[in-house]
Number of protein chains: 2
Amino acid sequence: MSLPHAILTALLEKPSSGLELTRRFDKSIGYFWSATHQQIYRELGKLEAQGLIRALPSEQPARGQKKAYEVLPAGRDELARWTAASQDPKPHRDVMLLRLRAAAVVGTAGLEADLRRHRELHERQLAKYLEIEQRDFPPGKDGPEDRLRHLVLRAGIDLETFWTQWLDHALSEFARLPDAGEPRRPGVREA
Amino acid sequence: MSLPHAILTALLEKPSSGLELTRRFDKSIGYFWSATHQQIYRELGKLEAQGLIRALPSEQPARGQKKAYEVLPAGRDELARWTAASQDPKPHRDVMLLRLRAAAVVGTAGLEADLRRHRELHERQLAKYLEIEQRDFPPGKDGPEDRLRHLVLRAGIDLETFWTQWLDHALSEFARLPDAGEPRRPGVREA
DNA sequence: CCGCTTTATGCAACTAGTTGCATAAGCGTG
DNA sequence: CACGCTTATGCAACTAGTTGCATAAAGCGG
């Protein structure tokens, strides 16, 4: 149940329409919580029904018209409650690690290319984050809110650095492996 | 669509019953792909229907009886295909980072304790992994399959190390923050 | 041999997230 | 002004994962 709270946070930072939120989820918030526009519209409807947000009255509310939302006091309270509440970390799900594990059984054929590709993707993401850091957190900007937001961006930067390095390590291990093929094919029992 | 392949991998490593698989998912495989017993039973049924695995005939198949499965050649082929196929990395979802971001808007009250708790959890997980590394990968064990599996375990170890250190950093930032409270409460518009 | 716990399997309902498509207004251009 | 493109909102159906509970056999203790 994190999406509504991600939306509340985004709306508190700046009241927005559904599409604006979608765009912002492709940027800052989306670095650690992605969402499609359908999810967002649905959730906006629910949040409005619960009385946590409301549509800004200004613009005429018609289909194909922008409809911006702002957070109501009840929404802010709910977000504060959720933020303070203890939550267990969820176990990671990483498909690439699963594939490596599978490769130990069925062979590494084809995997190395994708490892390399992922390495590039992580490196590119890292570059993007570093650019944002330059832009959004110049030396002077270090109020409490800035520090917290910078901390979060730092997590993104450090994680991408981590994966880039880990994939380098994995690739160097691959180079030491006895050629991409099937390590063995044990007796396959037939019916 | 990774769960069926996680199960195929586990079954290739060792034919097992549903419950045995569940237990193994709480250990090695589950480090990066968790699953409940219900998910596993359901998926076993599907995999059998698709002809990728079959129940070992030996034991009598009754309710409350163990029913072990083994992978059929078609299952192995499917796993090899899946392993080699290129896949895009999925964006991370991290609730704690979301909460930190929210805290920048609604205040950090209550968060520090949970940061500390998470740090402990990650440290404990790290200790568990290191123990497994000691047990399963002694200096001699370095065949191709061992190297790959070790690589995956290493990712777990390095990730837990990463989060432990990052949380330490976050906590040290918190210590430097102007006391856990609400950094500001901007003009709340009422209806 | 009766009840209790453990082991093992499974169904049904629910929540969260994804995919594909529909609708409608605004805007530019021939 | 008719056509197509972009912006914006939204429904419906699907997939994946979670939660709660049901069932059945085996083992065990009195």
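Just so you know, these numbers use all the heavy atoms, side chains as well, and skip hydrogens, waters and symmetry mates. Quick note on labels: first sequence line is chain A, next is B, and so on, each numbered from 1.
Applying the 4.0 Å criterion to OP1 and OP2 of C:dT7, one finds that B:Arg23 has every side-chain N and O outside that range.
Atom pair B:Gln39:CD and C:dT15:C1' shows a separation of 13 Å (rounding to whole Å applied). Going from atom NE2 of B:His5 over to atom P of D:dG17 covers 12 Å, rounded to whole Å. For the pair A:His37 NE2 and C:dG17 P, the computed distance is 16 Å after rounding to whole Å. Protein atom CG of B:Leu44 is 13 Å distant from nucleotide atom C1' of C:dA8, rounded to whole Å. Between the CE atom of B:Met1 and the P atom of D:dC14 there is a distance of 16 Å, given to the nearest Å. In this entry the distance linking OH of A:Tyr41 with C1' of C:dG17 reads 17 Å, nearest Å. Whole-Å rounding puts the A:Arg42 CZ to D:dC11 C1' distance at 10 Å. Separating the NZ atom of B:Lys90 from the P atom of C:dG17 is a distance of 11 Å, rounded to the nearest angstrom.
Residues A:Arg93 and B:Ser2 have side chains that never bring a donor and an acceptor to within less than 3.5 angstrom of each other.
Judged by distance alone, with hydrogens and angles left aside, the side-chain atoms of A:Ser34 form no donor-acceptor pair with the main-chain N or O of A:Gly30 at under 3.5 Å. Looking at A:Asp114, its side chain does come within 3.5 Å of a backbone N or O of B:Gln87 through a donor-acceptor pair.
Checking C:dG20, C:dT7, D:dA8 against every side-chain atom of A:Gln38, the shortest atom distance belongs to C:dG20. Distance from the side chain of A:Arg93 is smallest to D:dT18 among D:dT18, D:dC11, C:dT18. Across D:dT7, C:dG17, D:dC21, the shortest atom-to-atom separation from the side chain of A:Trp33 is found for C:dG17.
Along DNA chain C, the nucleotide nearest to A:Ser34 and the one nearest to B:Ser17 differ in position, and the one closer to the 5' end is contacted by B:Ser17.
Among the candidates A:His122, A:Gln165, A:Lys128, A:Arg124, the single residue satisfying the side chain to side chain donor-acceptor pair (under 3.5 Å) test with A:Glu160 is A:His122.
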